[in-house]
Protein chains: 2
Amino acid sequence: MHPVPEAAISATADEIREAALEQFARDGYSSTSMRDIASSVGIKAASLYNHFGSKEAILWDLTLTAFEELLRCRDLAIANLPDNPTPQDRLACLVTSHVAFHARNSNQALLVNSQLAALSKTHYRKAVAMRAQYEATMREVIDEGITKGVFTTIDARVTTFAILQMGMAVSGWFRPEGPLTVSDLCAIYVDLAAKMLTPLPLKRKE
Amino acid sequence: MHPVPEAAISATADEIREAALEQFARDGYSSTSMRDIASSVGIKAASLYNHFGSKEAILWDLTLTAFEELLRCRDLAIANLPDNPTPQDRLACLVTSHVAFHARNSNQALLVNSQLAALSKTHYRKAVAMRAQYEATMREVIDEGITKGVFTTIDARVTTFAILQMGMAVSGWFRPEGPLTVSDLCAIYVDLAAKMLTPLPLKRKE
DNA sequence: GTCTATATATCGATAGAC
DNA sequence: GTCTATCGATATATAGAC
């Protein structure tokens, strides 16, 4: 059909990355063999070592990229906030970028959320630190809202986990071809998160 | 210290179950070898086959038990509801049993929530059906509340996922020796779930 | 019901021809 | 940068002695 650029015929590092990401996310790191990855890019396992030093090196490469893109999406969303944003603005911004990333980049999200244990000890520690940094942003916004009296919660730490994790789970079930657009999805989660932190009393008895 | 019953000295099927559950939950099914399981109960890998026909048979045994206990906890909680419970009563009941199970039985929860893909195709289908049945209970309560006008949500399906999944995540971080009791934890999640479904308008403008 | 020994397959990774 | 061939380790599972 289409003429294919000469450079696209041979297996490149990027093709390997793409194949490995999909298989690591779907089947798990330890269930995916170098032969599996190689065959899905049309080469033999030994040839993978011309591009990556080891299987773990592929996982680490993918993990770093995934975290970088996750943090970049968050930073981009923050940069688009209005001047003097309210805590509600900040919460909606973070939840939207969080959910949108997990919906649009489900393989990267699954990698970051469930395959870190396969990393070497050194890489694992770095990954956990990046995840902690990401999660801290959400916690800070929630704490700010509590301080300013616009958010209320029994436990800020647990509520932060709950908001982050309900968004993370999106990568496991959301399909773009389903009934919801990513924009619909984000609006739903922003609404849920806002209600979870609402200061309005639910019971008016007594 | 204590005299040990004669029967408790040799490796039994239950000891194997306990060791396998912990390792499958912590390291994943495919990262756990029969040698790993055998050595942690003090026998050789070949001896495991006197108790289970295969590695997958161990996983299936554990998965079935975990689902049975999850459903039993739910049924027990439902049986203790007052007469003519409100949708709020039912929601609190389900969220409490859900969160308590995931906090108290974290290894079983991790197995059921992230190791199903390692099952044989037949067993996988049965497991997914049991999970769907469990999740449907939560959905029905939410739908009932919406019908009766005491719950409001943009999307009942997504809200059901969100409530279930924020509770499932508890198995990944909750530690009994931490600052929260299971009872504390359940109260927090009941509060969050109730707020997520609150019909009170958050914005009073216009 | 445990063990040793082994069958058979596959794993990550390397060496060296082309 | 690909390949074939192979190494050494390890995987699940089985056979048979005790």
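Residue numbers begin at 1 in each chain, while the letters A, B, ... track the order of the sequences. Remember, it's a predicted structure, so these values are computed and weren't measured experimentally.
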Nearest-angstrom distance from the residue atom CG of D14(A) to P of dG1(D): 13 Å
Figure out the CG/P separation between D36(A) and dG12(C), and round it to whole Å. 8 Å
Side chains of Q108(B) and T65(B), donor plus acceptor under 3.5 Å: no
Which whole-number value in Å describes the distance from E56(A) CD to dG12(C) C1'? 13 Å
Any side-chain donor-acceptor pair under 3.5 Å between S106(A) and S171(A)? no
Could you tell me whether S30(A) contacts a base, only the sugar-phosphate backbone, or nothing, with contacts defined as non-hydrogen atoms closer than 4.0 Å? nothing
Is the H98(A)-Y134(A) ring centre distance short of 6.0 angstrom? yes
Residue Y49(A), side-chain heavy atoms: nucleotide from dA13(C), dA13(D), dC3(D) that is nearest: dA13(C)
Can T160(B) and E135(B) be counted as having a side-chain donor-acceptor contact under 3.5 angstrom? no
Take the protein atom CG of L48(B) and the nucleotide atom P of dC3(C), then report the distance between them rounded to whole Å. 9 Å
dT12(D) C1' sits how many Å from M34(B) CE, rounded? 7 Å
Would you tell me if any nitrogen or oxygen in the side chain of S33(A) comes within less than 4.0 Å of OP1 or OP2 on dT10(C)? no
Quick check on DNA chain D: between R35(A) and S47(A), whose nearest nucleotide comes earlier from the 5' end? S47(A)
Just how far, in rounded Å, is C1' of dT10(D) from NZ of K55(B)? 12 Å
Closer than 4.0 Å, any side-chain N/O of K44(A) to the OP1 or OP2 of dC3(D)? no
Give a yes or no on whether the backbone of R72(A) and the side-chain of D75(A) come within a donor-acceptor separation of less than 3.5 Å. no
Residue closer to the 5' end of DNA chain D, A46(B) versus S31(B) (nearest nucleotide): S31(B)
Report the distance from atom CG of D27(A) to atom P of dC11(C), rounded to the nearest whole Å. 12 Å
Calculate the interatomic distance between Y29(A) atom OH and dC11(C) atom P; express it in whole Å. 13 Å
